[in-house]
Amino acid sequence: MTSLRLIVRNAGRHKLRTALTMLGLAIAVLAFAILRTVVGAWYAGVEASQQNRLVTRNAVSLAFSLPLAYRDRIAQAPGVTGVSYGNWFGGVYLDEKHFFAQFAVDAPTWFRIFSEYHVPPDQMEAFSRERNAAVVGEKLAARYGWRLGDTVRLRGTFYPGDWDFVIRGLYTTTLKSADNTQFFFHWEALDQFVRRTLPDTAGQVGFYTFTIDRSREPADVSRAVDALFANSLAETLTETEREFQMGFVSMTEAILMAIQVISILIVGLILIVLANTMAMAARERVTEYAVLKTLGFSPGRIARLIMGESLLIAAAGGAVGVIAVFPIVRAFGAAVGSFFPVFELSLLTVAVAVGLALSSAIAAAAVPAWTVARTTIADGLRRVG
Amino acid sequence: MAIPIQYSLRNLWTRRLTTAMTAAGLALVVFVFAAVLMLAHGLERTLVTTGEPDNVLVVRRSATSEVQSFLAREQTRTIATSQEISTGVDGAPLAGAETVAIINLPKRGTGRPSNVQIRGASPHAMTLRPQVKLVEGRMWRPGSSEVVVGRAVASRFQGAGLGETMRFALREWTVVGIFDAGGSAFDSEIWVDADQMMQAFRRTVFSSVLLRLRDPAEFDALKARLEADPRLTVDVRRETAYYGAQSEVMANFIRVLGLMVTVIFSLGAVIGAMITMYAAVANRTTEIGTMRALGFPRRAIWTAFVVEALALSAAGWLLGILAASGLQVVSISAMNFATFTEIAFRFILSPAIALQSLIFALVMGLFGGVLPAVRASRLGIVQALRMP
């Protein structure tokens with residue numbers, strides 16, 4: 001009990017220094033949590049993927065397409081319960097900085113396959129009646145202030161020209177990690193354009209996505225599907241949605257690595273700030289600790305006092321960081337919205353950040369605690385600060 | 001009357017442990033700050049050095065990369081017969097229609113597939129790009145399934161080494177040569193005979209036309225004429241501008257994300273410096289009182305402490321920038337969002353980055369040092385001397 005009071009009093013002796021140390025810790029906790037959230041956002045596509053959903057693309061690369069005729073053959077493969085398809089549109093809204101994903105999809109089947117996207121039935125109805133209609137994620141609509149009935153113009157890059165779409169539906173997602181900043185429109189609209197401008201390449205699909213019976217092994221189904229088209233002009237590569245999304249993540253691995261290195265450096269910074277404060281405090285109090293020892297305090301108890309002070313400061317700083325982290329991550333997420341459609345702070349991240357703050361507290365106090373415990377009374381009293 | 005700078009420096013030396021820790025904190029931030037800028041700069045350098053100033057690249061209108069562009073054979077002929085084009089030693093115009101695609105190859109080590117750009121190159125490809133030189137093996141023989149690969153591709157992808165084979169478009173292709181493109185984006189490409197590539201992929205259209213200008217000043221005339229030609233719907237760009245634009249999105253991404261993190265991070269270091277400087281003031285209260293009694297004005301005291309803080313941050317900068325310059329040997333590869341293919345690039349330290357990080361470090365030191373220095377200069381002589 002008296003130890004605790006002593007710890008609190010000690011921490012309060014240099015109010016400014018303690019406050020600054022706390023602030024430093026709070027900032028480090030904050031930065032760490034933001035970086036971990038960025039890494040999490042990178043994996044959002046992988047998180048949102050489902051094991052019984054597979055993606056078939058041209059084996060050469062995603063930039064090559066597949067004939068529409070493959071749809072029926074995939075649908076007949078054993079275990080396949082539903083097939084849909086789409087093309088990456090890659091248009092530009094306003095300018096290149098306003099990036100979001102746009103897909104031309106087979107509307108009737110698409111939203112059945114992606115059952116986590118919900119479109120109200122009346123909007124779905126309106127969307128399917130009109131060829132140049134679009135369904136967009138509610139978060140995307142909120143970002144640009146789009147409402148139902150608005151016309152949005154995209155500039156085509158693969159499909160040159162100005163494309164006008166009328167927003168007829170907004171979709172919401174049931175999964176937290178699902179992306180609700182996408183833009184979907186009818187594949188027929190795209191195909192009609194291609195038929196007019198480059199008739200040779202009409203009837204081509206960027207990728208197929210299909211669901212399988214849960215009792216089936218995804219690997220068996222993908223092998224069976226790829227075997228259907230082996231040695232044809234457009235060989236396929238079929239993967240689970242998870243593997244498909246991991247492909248994107250692994251291509252940007254280097255940046256991910258850099259972010260992880262920075263988060264380790266941040267832990268280093270926490271440690272340095274705390275260790276500095278604890279070392280200063282211990283140096284100032286050498287005489288005082290010698291006096292405490294004379295009064296009968298055991299070296300272990302003094303070491304615990306130092307450790308406790310360090311933990312107290314770290315806990316308080318960490319708490320400030322945790323309180324600040326929620327609004328700041330939200331603001332940060334809004335700022336980088338076009339890079340990261342999903343930007344959610346996880347509780348695990350917060351827990352890890354706090355855990356790191358506390359373990360750095362122990363590490364930072366270790367050296368001073370050990371030195372003080374080892375210093376003999378005579379040496380401590382003789383020392384001139 | 002000023003206090004000698006030595007006073008400030010010696011004080012830092014006296015409290016070596018604290019000084020070292022604070023400087024290390026500042027160094028970490030400088031390191032991250034410099035690394036972010038070096039990465040963005042390295043990417044830009046790679047792409048900017050890829051273009052030749054008097055080369056012109058023609059792609060279909062509004063295509064942002066060659067992969068998105070399609071030009072029919074007649075269109076490429078129309079472009080290649082422009083009078084502004086310089087002629088080569090054989091008297092033929094220095095212009096070549098090329099076709100570019102993305103293929104997916106497994107990487108060495110991890111075996112995970114990644115996107116590589118493959119270029120069906122024209123006979124003039126090497127002449128138009130003098131920085132590209134064959135360093136091992138030979139060029140492909142016309143009409144055979146042979147490829148030459150950039151240095152970065154050879155070391156990073158399975159089956160891309162000299163003499164190895166890779167499979168795409170229903171064929172086995174043998175790597176017969178490795179070229180060095182002087183650290184430009186071509187180092188991350190595979191080159192193959194344009195006719196072979198179009199046959200293998202059953203393509204009937206080209207992606208782009210690259211040509212050399214007879215006189216760089218004729219660019220505007222060529223651009224105006226081709227873009228107005230009703231038979232073509234093309235964008236005419238200098239090759240340097242085209243590649244510069246390709247680095248924009250990614251370099252911006254690195255900078256925005258990196259600098260946001262660095263700013264938050266720097267607050268931590270500023271606080272570290274502030275703690276150290278406040279402690280320095282507190283420990284030397286009597287000393288400050290003595291100096292004031294000796295006749296040093298408040299301003300001199302303030303300056304001495306600010307100089308101390310700046311010296312501290314300069315030490316941190318030195319440590320940080322030394323560590324960051326060590327990064328220059330690291331080469332990394334990542335997918336460029338603009339082309340959807342992997343590109344190899346390295347951290348490059350430029351004098352501008354060194355200067356920017358020095359300024360950044362000094363500003364951090366200043367922020368950390370000003371308040372403690374103000375406190376030091378405000379101490380009254382009598383109270384300061386009376387302090388135990």
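What you are looking at is a predicted structure, and each value in this text was computed from that prediction instead of being measured. All chains are named by letter (A, B, ...) in the order of the sequence lines, taking the proteins before the strands, and each is independently numbered beginning at 1.
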Mind ranking V273(A), L198(A), L233(A) by heavy-atom pairs under 4.5 Å with chain B and telling me who comes out on top?
L233(A)

Could you report the tightest heavy-atom contact between [X] and [Y], atom names first, then the distance?
X: M251(A); Y: E342(B); result: O-OE2, 4.3 Å
X: S232(A); Y: L170(B); result: O-CD1, 3.4 Å
X: I332(B); Y: A254(A); result: CD1-CB, 3.9 Å
X: S62(B); Y: G156(A); result: OG-O, 3.1 Å
X: S250(A); Y: R112(B); result: OG-NE, 3.4 Å

Given heavy-atom pairs under 4.5 angstrom as the criterion, report whether the side chain, backbone, both or neither of [X] touches chain B.
X: E243(A); value: backbone
X: L271(A); value: neither
X: M257(A); value: neither
X: I259(A); value: side chain
X: A275(A); value: both
X: A31(A); value: both
X: L62(A); value: side chain

Just wondering, do [Y] and [X] contact through their side chains at under 4.5 Å, heavy atoms?
X: M260(B); Y: V38(A); answer: no
X: N115(B); Y: F248(A); answer: no
X: L16(A); Y: M274(B); answer: no
X: M335(B); Y: E253(A); answer: no
X: F32(A); Y: F265(B); answer: no
X: V60(A); Y: F201(B); answer: yes

Distance, nearest 0.5 Å, that separates [atom1] of [X] from [atom2] of [Y]:
X: I264(B); Y: I328(A); atom1: CD1; atom2: CD1; answer: 7.0 Å
X: M280(A); Y: N283(B); atom1: CE; atom2: CG; answer: 8.0 Å
X: F64(A); Y: R202(B); atom1: CZ; atom2: CZ; answer: 12.0 Å
X: L371(B); Y: L20(A); atom1: CG; atom2: CG; answer: 9.0 Å
X: L23(A); Y: I271(B); atom1: CG; atom2: CD1; answer: 3.5 Å

What part of [X] gets closer than 4.5 Å to chain A, counting heavy atoms only: side chain, backbone, both or neither?
X: M250(B); value: side chain
X: S333(B); value: backbone
X: I118(B); value: neither
X: R60(B); value: side chain
X: R61(B); value: backbone

Quick one: which of [options] has the most heavy-atom pairs under 4.5 Å with chain A, could you say?
options: T341(B), N336(B), L267(B); result: L267(B)
options: L17(B), T233(B), V270(B), T18(B); result: T18(B)
options: Y278(B), F340(B), F168(B), F253(B); result: F253(B)
options: A282(B), S114(B), A169(B); result: S114(B)
options: L257(B), N252(B), T204(B), T262(B); result: L257(B)

Dump the intermediate steps for side chain to side chain contact (heavy atoms under 4.5 Å, CB included) on L28(B) and I272(A), then the final yes or no.
CA-CA 10 Å; L28(B) 275 185; I272(A) 289 172; 4.2 Å; yes

With side chain to side chain contact (heavy atoms under 4.5 Å, CB included) as the test, would you mind laying out the steps for N276(A) and T276(B) before giving the verdict?
CA-CA 8 Å; N276(A) 195 9; T276(B) 304; 3.0 Å; yes

Going through the checks in order, is the side chain to side chain contact (heavy atoms under 4.5 Å, CB included) test met by V249(B) and F99(A)?
CA-CA 10 Å; V249(B) 175; F99(A) 173 82; over 6 Å; no

Counting distance only, does the side-chain N/O of S61(A) pair as donor-acceptor with the main-chain N or O of I102(B) below 3.5 Å?
yes

If we ignore hydrogens and angles and just use 3.5 Å, is the side chain of T252(A) paired with the main-chain N or O of A334(B) as donor and acceptor?
no

Using the rule given for side chain to side chain contact (heavy atoms under 4.5 Å, CB included), can you reason through T201(A) versus F70(B), listing the C-alpha separation, both sets of side-chain angles and the distance that settles it, and then say yes or no?
CA-CA 12 Å; T201(A) 55; F70(B) 303 103; over 6 Å; no

Please indicate whether F367(B) has more than 12 foreign heavy atoms, meaning atoms of other residues, nucleotides or ligands, lying under 6.0 Å from its CZ.
no

